[in-house]
Each structure stands twice: as structure tokens, then as C-alpha cells.
Amino acid sequence: MSAPVIIIGAGGHAKVVVDALRRSGRDILGLVDNDPEKVGATVLGVPVIGGDDAIEKHTPADVNLAIGLGLVRQRQALFSAFKESGYAFAKVIHPAAVVADNARIGEGAQIMAGAIIQPDAIIGDNVIINTRASVDHDCVIGDHVHIAPGATLAGGVWIGEGSMIGVGATLLENVRIGDNCIIAGGATVIGDVPANITVAGVPAKPMTSKEQDA
Ligand code: JB2
């Protein structure tokens, strides 16, 4: 039997993780949150049992973890730190997601309600494919990427580690997005995007630093 899960964070994304885990039949031991005011509260009936230090009361053999936070940088840091301490991360696959049999899904990846993952797609560790996003055949999604609700990736899209694809963005077939990029919500990406760049618009273009600060 699978170990019960502790969810890190007790805000908006955590709710979605609680619901998906519960519907897929996983036991949830509790949530942890850095905000002391949240300790003792509940999220969809699941108790907030403490801060991150409450995790270490349970050995890595006794629990799995799930990250209940949306921000890529925070997710990356938490995943690396707890992996180093020996903890394993649960895959979260909502029963209303459609995942091709031969798609590869990494450790701690979260595939939310209505998401579609087509054949030969590879989803890295600690990735979120959020509500109703679609990832078509032969896409490769790097570790820690967050694909926000309603984003559409055509076949053969490649996304580097730590990138964020905004709500409703569209990526045409075979485009390559480098590591640590941000594709703004609603953007349509028609060509490759080098690493560490933010793009927005239709067709998507790099944002100037002034636009990014606005
Ligand atoms: O390092 C941490 C930590 N950092 C923030 N450890 C733990 N255990 N908890 C942490 N938190 C807590 O996560 C904060 O105190 C807060 O209670 C919670 C974050 O909640 P929030 O709703 O602000 O963000 P979110 O990441 O759950 O949701 C964002 O991302 C989702 C994908 C929002 O933008 C949502 O709208 C979005 N759907």
C-alpha cells in the first residue's frame, strides 16, 4: 500500500492537490505551512499539522510528500531539499486527467483535472500540468516546470527545466523553450525561446525589462 502523503503549503494550490489525491484514493496525513496562524486550521477537512519541521517527525519510509505550492522557484527548492533528506514525492494524477499509457510521468509530478497527456510525452519530476492543460504527443517537459490552466502544447514541444507556461498560452508544434523561461498568460509562441527569457503576446515576443517591472 502507498504511504500517506504530507502536503507542503496550505493555500490555493494545496486545495487542488488535496482534492486530486483524495479522488485518486491516497491517504493524506496532513498539510504543513510556514505561517503559524494556519497551524491547527483545516483545508478541505485535512489538518495543518505544523511548519516544515513537522515533516521530520515522520521518517522517509513512513510518508510521501506533495508540494502544494504553485511558484516554480519555491517548488524547486523544496523538492531538492527534501529529496536530499531522503523523502520521496507522490505522483498526483487526478482521475479525470487523460494520460496516455506510454507517457512517462516523473516523481512528484501533478496532473490535474481535465489535463490531457498524449502518447510518448515525457513529463519531468515535480512538474505541474494544471487544470485542463494539454500536452500533445512527443512533448518533453523538464523538471519543475509549471504549465498553468488551459495552456495548449502542440506535438513535439520541448520545455527546459524550471520554466513557467502561463494560463491559456499556446505553443505551436516543435517549439523549444529554454530553461527558466516565463511564457505569459495568453501568449502564442511560434518560434524557439532561449533560456531565461520572458515572452508575451501574439505572436509572443520578449518583454523589455520596463514591461516586466510594470
Ligand atoms: O516553504 C514553505 C512555504 N512557503 C509558503 N513551506 C510551507 N510549508 N509553506 C509555505 N508557504 C505557504 O504556502 C504560505 O504560508 C501560504 O499559506 C501557502 C501559499 O498559498 P497561496 O494560495 O498564496 O499560493 P499557492 O502557491 O498555493 O497558489 C498559487 O499557485 C497556484 C498554482 C496561486 O497563484 C494560485 O492562484 C494558483 N492556482
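Atoms within each ligand, like the ligands themselves, are counted from 1 in listed order. Note that these values count all heavy atoms, side chains included, but never hydrogens, waters or copies made by symmetry.
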| message | Run I8 and F82 through side chain to side chain contact (heavy atoms under 4.5 Å, CB included) and show every step you take. | response | CA-CA 11 Å; I8 305 174; F82 282 103; 4.0 Å; yes
| message | Protein heavy atoms near atom 1 (O) of ligand 1, is at least one of them under 4.0 angstrom away? | response | yes
| query | Is the closest protein non-hydrogen atom to atom 18 (C) of ligand 1 under 4.0 Å? | reply | yes
| request: Would you check whether H146 reaches within less than 4.0 Å of ligand 1, judged by its heavy atoms? | output: yes
| request: Indicate yes or no: at least one non-hydrogen side-chain atom of V32 is less than 4.5 angstrom from one of I49. | output: yes
| message | List the residues meeting side-chain contact (heavy atoms from CB on, under 4.5 Å) with D138, not counting sequence neighbours, and say none if there are none. | response | D120
| Closest heavy-atom pair and its distance - L21, V92 | CD2-CG2, 3.8 Å
| Option among D136, V157, I190 that satisfies the side chain to side chain contact (heavy atoms under 4.5 Å, CB included) test with L171 | V157
| Would you call I147 and I159 a side-chain contact if the rule is heavy atoms closer than 4.5 Å? | yes
| Can you tell if the side chain of F89 reaches within under 4.5 Å of the side chain of N126, non-hydrogen atoms only? | no
| query | Heavy atoms, side chains only, cut-off 4.5 Å: are H13 and I128 in contact? | reply | yes
| said: Ignoring hydrogens, what is the shortest heavy-atom contact between I197 and P194? Give both atom names and the distance. | reply: CG1-O, 3.3 Å
| query | Which protein heavy atom lies closest to atom 3 (C) of ligand 1, and at what distance to 0.1 Å? | reply | N34 ND2, 3.4 Å
| note | the protein heavy atom lying closest to atom 12 (C) of ligand 1 turns out to be D33 OD2, 3.2 Å
| said: Among all the protein's heavy atoms, is there at least one whose distance to atom 37 (C) of ligand 1 comes out below 4.0 Å? | reply: no
| Nearest protein heavy atom to atom 20 (O) of ligand 1, by residue and atom, and its distance? | G11 CA, 3.3 Å
| field | Closest protein heavy atom to atom 4 (N) of ligand 1, given as residue, atom name and distance to 0.1 Å | value | Q74 NE2, 3.1 Å
| field | Under 4.0 Å to a heavy atom of K38 - the qualifying atoms of ligand 1, by number | value | 16 (C), 17 (O)
| Numbered atoms of ligand 1 (with element) below 4.0 Å of I8, judged on heavy atoms | 6 (N), 7 (C), 8 (N)
| task | Can you see which heavy atom on A204 is nearest to which on V189, and at what distance? | result | CB-CG2, 4.0 Å
| query | Tell me: protein heavy atom nearest atom 13 (O) of ligand 1, and distance? | reply | L69 CD2, 3.0 Å
| task | Kindly state if atom 28 (O) of ligand 1 has a protein heavy atom within a strict 4.0 Å cut-off, that is, under 4.0 Å? | result | yes
| Quick one: which ligand 1 atoms are inside 4.0 Å of a heavy atom on H13? | 25 (P), 27 (O), 28 (O), 31 (C), 32 (C)
| message | I'd like to check atom 33 (C) of ligand 1 in this structure: does the protein have a heavy atom lying under 4.0 Å from it? | response | no
| query | Nearest protein heavy atom to atom 8 (N) of ligand 1, by residue and atom, and its distance? | reply | D52 OD1, 2.6 Å
| Nearest protein heavy atom with distance in Å, relative to atom 30 (O) of ligand 1 | G70 CA, 3.5 Å
| Which of the listed options, P149, G12, G68, holds the heavy atom that is closest to atom 22 (O) of ligand 1? | G12
| Nearest heavy-atom neighbours spanning Y87 and H58 | OH-O, 2.7 Å
